[in-house]
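Take a look at the structure set out below.
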Amino acid sequence: MSEAATSPIREAIQQAISDNPVILFMKGTPDAPACGFSARTVAVLQTVGTQFAAVDILPDPRIRQELSAISNWPTIPQLFVEGELVGGCDIISEMYESGELQQLLGVEGAPDAEASAAAAEASGAAAVQAPPLSIENRL
């Protein structure tokens, strides 16, 4: 195998994906997203009330490089559910609007979830329903 396949960073990413049923690789943290796409994805996850782990890819450019090599997906954020890449911000938003994301996560949408997400997005703040899990960023 190539050196990349046995990279400690790649192994740590794969372990994080395996260890966490729902994990978001993003720019920044859920409390302080560093880009609009990450902020929107966090807002959607918090609106549906699912707990998730989050990894900030910004501290080390190798995290993004190895993550993209694992997922074959070039953009950030990236959401994984049960070890499988679901997609980025646009896909997560579309799945949320159709109810498919709630089905995938095994949760029911909040009664006024669409309005809550729109309000959170408009204010730049995420609706807080379930705090995200934090994992130590050892990458």
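Here the structure is a predicted model, which is why all the values come from computation and not from measurement.
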Within-4.5 Å side-chain heavy-atom neighbours: Y96 and L45: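 Of all side-chain heavy-atom pairs linking L45 with Y96, none is under 4.5 Å.
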Take I9 and L67 through the side-chain contact (heavy atoms from CB on, under 4.5 Å) test and state the conclusion after the steps. CA-CA 9 Å; I9 290 176; L67 177 63; over 6 Å; no
If you group Ile, Leu, Val, Met, Phe, Trp and Tyr by side-chain heavy-atom gaps below 4.5 Å, do F25 and L105 land in one group?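 Same hydrophobic cluster.
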Taking side chain to side chain contact (heavy atoms under 4.5 Å, CB included) as the test, write out the residues that go with Q103, two or more places apart.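 Residues passing side chain to side chain contact (heavy atoms under 4.5 Å, CB included) with Q103: none at all.
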Got a sec, which residues hit side chain to side chain contact (heavy atoms under 4.5 Å, CB included) with A34, two or more places apart in sequence or on another chain?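 For A34 the side chain to side chain contact (heavy atoms under 4.5 Å, CB included) partners, ignoring immediate neighbours, are K27, L58.
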Supply the atom-to-atom distance [X] [atom1] to [Y] [atom2], rounded to the nearest 0.5 angstrom.
X	Y	atom1	atom2	answer
I63	S68	CD1	OG	11.5 Å
Q65	D60	CD	CG	9.5 Å
E97	M95	CD	CE	12.0 Å

Any sub-3.5 Å donor-acceptor pair from N20's side-chain atoms to V22's backbone N or O?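 No.
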S38 side chain to C35 backbone, donor-acceptor under 3.5 Å: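 Between the backbone of C35 and the side chain of S38 there is no qualifying donor-acceptor contact (under 3.5 Å).
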State which residues pass side-chain hydrogen bond (donor to acceptor under 3.5 Å, both in side chains) with T75; sequence neighbours excluded, sorted by chain then number.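 W73.
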Could you tell me which residues satisfy side-chain hydrogen bond (donor to acceptor under 3.5 Å, both in side chains) with S71, sequence neighbours excluded, listed by chain and number?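 So S71 forms a side-chain hydrogen bond (donor to acceptor under 3.5 Å, both in side chains) with Q78.
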Can you list, pair by pair, the side-chain donor-acceptor contacts under 3.5 Å of residues 80-92, counting residues two or more places apart and other chains?
none

Taking all non-hydrogen atoms of both residues, which atom of [X] and which atom of [Y] are closest, and how far apart?
X	Y	answer
P77	L24	CB-CD1, 3.7 Å
G28	D56	N-OD1, 3.0 Å
I70	I13	CD1-CG2, 3.6 Å

Walk me through it: do M26 and T41 pass the test side-chain contact (heavy atoms from CB on, under 4.5 Å)? CA-CA 9 Å; M26 62 182 290; T41 304; over 6 Å; no
